[in-house]
Amino acid sequence: MPLRAYDQNCSIARTLQVVGERWTLLVLREVFTGQRRFEEIQRNLGVATNILSDRLQTLLDAGILERRALADRSDRSEYRLTEKGLDLNSVLLELMRWGDRWDAPAGPPMAVEHRDCGHETHAVQTCSHCGGELTARNVRVHPGPGARAPAPSLATSD
């Protein structure tokens, strides 16, 4: 029987438990681009209200979004990114960059502007130590401090 994602000692698998469903990433896209009310998100995505409610609750439960009452209407609320949620910006930018490169024949449908300099840009992963660009060809992954020791083998030697 394969391991469920939440049984795996893997940061990618655990992250996908929260944001791995298609609508969840699109909800995050909407909130990142300024759509914060349920009705705005639902209208832009065309998602069923029950699915949107479920995805928003998942993001609230995970501490990625918080619900705030609107100043002008305390009976209505909006969804805001927490620090944990804001940290997903680089993930969405990387997905966007990949989609723009490999699946946007007419060109990128949206452009990203760096507010600090005013220029259009694209996501680039860099080494936190030397500043060099990170690619699949110049990185390697190895066990970190949270790695579990391999399970003992059940095989016996005669």
**Student:** For the residue pair Asn44 and Glu30, what are the closest heavy atoms and their distance?
**Tutor:** ND2-OE1, 2.8 Å
**Student:** Any luck finding a side-chain donor-acceptor pair between Arg14 and Ser11 under 3.5 Å?
**Tutor:** yes
**Student:** Donor-acceptor pair, Thr82 side chain versus Gly63 backbone, under 3.5 Å?
**Tutor:** yes
**Student:** Does some side-chain heavy atom of Arg97 sit less than 4.5 Å from a side-chain heavy atom of His122?
**Tutor:**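 Result yes, sub-4.5 Å side-chain heavy-atom pair found.
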**Student:** Can you get from Leu26 to Ile64 by hopping between Ile, Leu, Val, Met, Phe, Trp and Tyr side chains that sit under 4.5 Å apart?
**Tutor:** yes
**Student:** Over all heavy atoms of both residues, which pair between Asp100 and Pro109 is shortest? Give the atoms and the distance, please.
**Tutor:** OD1-CD, 3.6 Å
**Student:** Using 0.5 Å steps for rounding, measure from the CD atom of Glu66 to the CZ atom of Arg80.
**Tutor:** 8.5 Å
**Student:** Output, in order, the C-alpha distance, side-chain angles, deciding distance and verdict of side-chain contact (heavy atoms from CB on, under 4.5 Å) for Val112 and Met96.
**Tutor:** CA-CA 10 Å; Val112 177; Met96 184 176 159; 3.4 Å; yes
**Student:** Once rounded to the nearest 0.5 Å, what's the spacing between atom CD of Gln17 and atom OG1 of Thr58?
**Tutor:** 10.5 Å
**Student:** Gly34 and Glu40: which non-hydrogen atoms are nearest, and at how many Å?
**Tutor:**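 Where Gly34 meets Glu40 most closely, the heavy atoms are O-OE1, 4.3 Å.
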**Student:** State plainly whether one hydrophobic cluster holds both Leu70 and Val31, where clusters connect Ile, Leu, Val, Met, Phe, Trp and Tyr through side-chain heavy atoms under 4.5 angstrom apart.
**Tutor:**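 No, separate clusters.
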**Student:** Whether the side chain of His129 engages the backbone of Cys127 through a donor-acceptor N/O pair (distance < 3.5 Å, no angle test) should be reported.
**Tutor:**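 Checking the backbone N and O of Cys127 against the side chain of His129, no donor-acceptor pair under 3.5 Å is found.
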**Student:** Do Leu59 and Leu95 belong together in a cluster built from hydrophobic side chains that touch within less than 4.5 Å?
**Tutor:** yes
**Student:** Should Val91 and Val27 be regarded as members of a common hydrophobic cluster, given that ILVMFWY residues are connected when their side-chain heavy atoms come within less than 4.5 Å of each other, either directly or indirectly?
**Tutor:**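 Yes; Val27 is reachable from Val91 via cluster members.
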**Student:** Show the numbers, then the answer: is there a side-chain contact (heavy atoms from CB on, under 4.5 Å) between Asn89 and Phe32?
**Tutor:** CA-CA 8 Å; Asn89 185 57; Phe32 268 106; 3.6 Å; yes
**Student:** Return yes if some donor-acceptor pair links the side-chain N/O of Ser53 with the main-chain N/O of Thr49 below 3.5 Å, else return no.
**Tutor:** yes
**Student:** Specify the closest pair of heavy atoms between Glu94 and Val124, including all atoms of both residues, with the distance to one decimal.
**Tutor:**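 For Glu94 versus Val124, the nearest heavy atoms are OE2-N, 4.0 Å.
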**Student:** Treating Thr126 as the side-chain partner and Glu133 as the backbone partner, does any N or O pair qualify as donor plus acceptor under 3.5 Å?
**Tutor:**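 Side chain of Thr126 to backbone of Glu133, a donor-acceptor pair under 3.5 Å: no, none is there.
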**Student:** State whether a side-chain donor-acceptor pair under 3.5 Å links Asp61 with Gln57.
**Tutor:** yes
**Student:** Any carboxylate oxygen within less than 4.0 angstrom of a Lys/Arg side-chain nitrogen, looking at Arg55 and Glu21?
**Tutor:**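 Counted as a salt bridge, because a side-chain N and a carboxylate O are separated by less than 4.0 Å.
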**Student:** Which atom pair, heavy atoms only, marks the closest approach of Leu81 to Leu65?
**Tutor:**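 Closest heavy-atom pair between Leu81 and Leu65: CD2-CD2, 3.7 Å.
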**Student:** Are Leu45 and Leu56 joined in one hydrophobic group, where the rule is that I, L, V, M, F, W and Y side chains link up if heavy atoms are under 4.5 Å apart?
**Tutor:**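 Same cluster: Leu45 reaches Leu56 through Ile, Leu, Val, Met, Phe, Trp or Tyr contacts under 4.5 Å.
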**Student:** Does Glu113 CD have over 12 foreign heavy atoms under 6.0 Å away?
**Tutor:** yes
**Student:** Begin from the C-alpha positions of Arg76 and Glu39 and carry the test side-chain contact (heavy atoms from CB on, under 4.5 Å) through to its verdict.
**Tutor:** CA-CA 11 Å; Arg76 305 295 300 250; Glu39 300 80 21; 2.3 Å; yes
**Student:** Could you tell me whether Asn50 atom CG has more than 12 heavy atoms of other residues or ligands within 6.0 Å of it?
**Tutor:**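 Count over threshold, so yes.
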**Student:** Evaluate Thr15 against Ile12 for side-chain contact (heavy atoms from CB on, under 4.5 Å), listing each step before the verdict.
**Tutor:** CA-CA 5 Å; Thr15 301; Ile12 295 171; 5.8 Å; no
**Student:** Do Tyr79 and Arg36 have side-chain atoms, one donor and one acceptor, less than 3.5 Å apart?
**Tutor:**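 No, no side-chain donor-acceptor pair sits under 3.5 Å.
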**Student:** Heavy atoms, side chains only, cut-off 4.5 Å: are Leu52 and Trp23 in contact?
**Tutor:** no
**Student:** Would you name the heavy atoms of Val18 and Ala62 that are closest together and state the gap between them?
**Tutor:** CG1-CB, 3.6 Å
**Student:** What's the separation between atom CD in Glu78 and atom CZ in Arg73, rounded to the nearest 0.5 Å?
**Tutor:**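 The CD atom of Glu78 sits 13.0 Å away from the CZ atom of Arg73.
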